[in-house]
Protein chains: 2
Amino acid sequence: MNPRPARSITVRPRPIMVEPGRGADPCSTCGARGNSVCDAIGDEDLERLATVAIVTDVEPGKTFIHEGDSADNFFNITSGTAKLYKLLPDGRRQITGFARAGVFLGLAVSSTYAFSAEAIDRVRFCRFPRPKLQALLEDFPAMEKRLLETASNELVAAQEQMLLLGRKTARERVASFLIAQGLLSLPCRHAHDEIALPMSRGDIADYLGLTIETVSRTFTRLKNEQLIAIPTATAVSVLDRAGLLSLAEGYESDN
Amino acid sequence: MNPRPARSITVRPRPIMVEPGRGADPCSTCGARGNSVCDAIGDEDLERLATVAIVTDVEPGKTFIHEGDSADNFFNITSGTAKLYKLLPDGRRQITGFARAGVFLGLAVSSTYAFSAEAIDRVRFCRFPRPKLQALLEDFPAMEKRLLETASNELVAAQEQMLLLGRKTARERVASFLIAQGLLSLPCRHAHDEIALPMSRGDIADYLGLTIETVSRTFTRLKNEQLIAIPTATAVSVLDRAGLLSLAEGYESDN
DNA sequence: CGCACACTTGAACCCCCTCAACCCAAGTGG
DNA sequence: CCACTTGGGTTGAGGGGGTTCAAGTGTGCG
């Protein structure tokens, strides 16, 4: 059941606006552009994009999207990692995803956000006021096409997560999580197959529909079975990727 | 873990094409148009739409989208109900949603379908070959906008379902399911608050991440508590909507 | 050092699953 | 008409995977 007792009260962040409107436009130097919907806009129109985007930093632990609030802005993460989550009244929490650089947030069609978002490490994002983004989409239909693409991708990921939450065992969930995280950090692989885990055990638990204790126990069990190694609490290296993968996909019916 | 023993082999359906290309165009008389992405296309262009849409019927129990198959078509349900699901190799199944009239399927960005779809009752849909739909979207950007809207809506629903699967108890899941089904059948309310359940107990179980037995037991328990009545196995009427709702939303922490 | 905080480990419990029987309505065939 | 089958749904008893509660083990930081 896992009802959390009195989660710490979330203070609305006072975000730091970066280079408020002057200096070189931030979009042309944005490292996240390649992965994001913004790459639908050509170099020649980047200035237009930059006039709409409000670059903002938030500190770790700060919540910058509040479920139920009026959805006045869209967000595009450019660095750092945020967790997206929904709460039940007694404090039970489900993390629906982790948003890294390039992820676009705020596609709530209704007038309010359907989830909350909290920075895990230091997060920088571009904020787009809704009417201004609407106008932008009118002028750049290619961007709308990209938005549809990313929404479709997220939908596929969400279905995969439903399979995990509804039908997989704790071991399979953790294995799936590690495989997925490993795929994400493939481009920036430092050393062998070491995976950085910026989120806490509690976050992983709330993402996988488990408790902290079960996540921890499962990690040590996978370690004892030589499938992974755990150099530090915030990193995991995969020793037997094939074994982990077949676990994640639901073979190895034995527990 | 609920591994299904040898699920019945699925035979590829030989669908029945309805009025293959002649007669009055089906789109102008389509009852589902108001709920679907097709209402983005004006009356004057319906003929163009009709030349692209291939109306097809499938029998109950037939699978008409196979996970992993090449995603060559898009589908728009016009009547009946289908279940969308993913399987694990040992037969464990997760139903990710039920598709009613107006639902648009096939937004798999990768080249293959991410899920399977099977008709529950008799289903009729419009099939759009991928390249033809692409061309259609070029000509009618309003339709693309509608697609983005529906994809966003489904994303919100998927997040809600993750919360259910990851953090709700069996009672809360069943209550949530009944509330959601009740909302859907609000427009066509026959008598009081009777909800038609075209899907079997097994389907409900695989949708809620439970077993058939738990679903059945929970139904009878809710009945004994006077929250619902069960006139037939395929219908439920809500006696205490407020109570059911507060259960669904996670109040009533007692089991 | 000592405190805080995250993570780990242990033991008992419990909700839901498993397995099995039973009910019941709808065929089906003699 | 009745015996038999079939398939969905219900109910019961027992077991197990993950939770709960509680204690221990780092580990960073003032």
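From a predicted model like this one, the values you see are computed outputs, not experimental measurements. Order of the sequence lines sets the chain letters (A, B, ...), proteins ahead of strands, with each chain counted from 1. The figures here come from the full heavy-atom set of this structure, side chains too, leaving out hydrogens, waters and symmetry mates.
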Whole angstroms only, please: what is the [atom1]-[atom2] distance between [X] and [N]?
X	N	atom1	atom2	value
A:L210	C:dC15	CG	P	18 Å
B:N224	D:dT11	CG	C1'	12 Å
B:K168	C:dC15	NZ	P	19 Å
A:L208	D:dT19	CG	P	10 Å
B:D206	C:dC17	CG	P	11 Å
A:M199	C:dC7	CE	P	11 Å
B:L165	C:dC15	CG	C1'	17 Å

Protein-to-nucleotide contact annotation, 5' to 3' order, nucleotides 8-13 of chain C [B base; S sugar-phosphate only; - none; under 4.0 Å, heavy atom]:
BBBB--

Smallest separation among heavy atoms of [X] and [Y], with atom names:
X	Y	result
A:A114	B:V156	CB-CG1, 3.8 Å
B:R167	A:G209	NH1-C, 3.5 Å
A:T96	B:M162	O-SD, 3.9 Å

In chain order, what residues pass the side chain to side chain donor-acceptor pair (under 3.5 Å) check against A:T81, with sequence neighbours excluded?
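Side chain to side chain donor-acceptor pair (under 3.5 Å) check on A:T81 returns nothing, list empty.
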
If you look only at pairs with a residue in residues 195-248 of chain A, which of them pass as a ring-ring contact (aromatic ring centres under 6.0 Å, His included), with sequence neighbours excluded?
A:F98-A:Y207, A:F177-A:Y207

Would you say B:S200 places a side-chain N or O within less than 4.0 Å of OP1 or OP2 belonging to D:dG8?
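False: B:S200 side-chain N/O out of range (4.0 Å or more) of D:dG8 OP1/OP2.
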
Return the OG1 to CD1 distance between B:T234 and B:I230, rounded to the nearest 0.5 Å.
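Answer for the OG1-CD1 pair, B:T234 versus B:I230, is 11.0 Å.
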
To the nearest 0.5 Å, what is the distance between OG (B:S79) and CZ (B:R124)?
6.0 Å

Qualifying residue, where the test is side chain to side chain contact (heavy atoms under 4.5 Å, CB included) with A:L84 and the options are A:V103, A:I95, A:L105
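Output: one option passes, namely A:L105.
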
Under 3.5 Å, N/O pairs linking protein and nucleotides 21-23 of chain C:
none

Please determine if B:R93 forms a cation-pi arrangement with B:Y85, meaning its NZ or CZ atom is less than 6.0 Å from the six-membered ring centre and no more than 45° off the ring axis.
yes

Polar-atom pairs under 3.5 Å, protein N or O versus N or O of nucleotides 24-29 of chain D: list them with distances, or write none.
none

With sequence neighbours left out, write down each residue that passes ring-ring contact (aromatic ring centres under 6.0 Å, His included) with B:F104, or none if nothing qualifies.
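So B:F104 forms a ring-ring contact (aromatic ring centres under 6.0 Å, His included) with B:F74.
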
Do the side chain of A:T218 and the main chain of A:T214 share a donor and acceptor less than 3.5 angstrom apart?
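Yes.
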
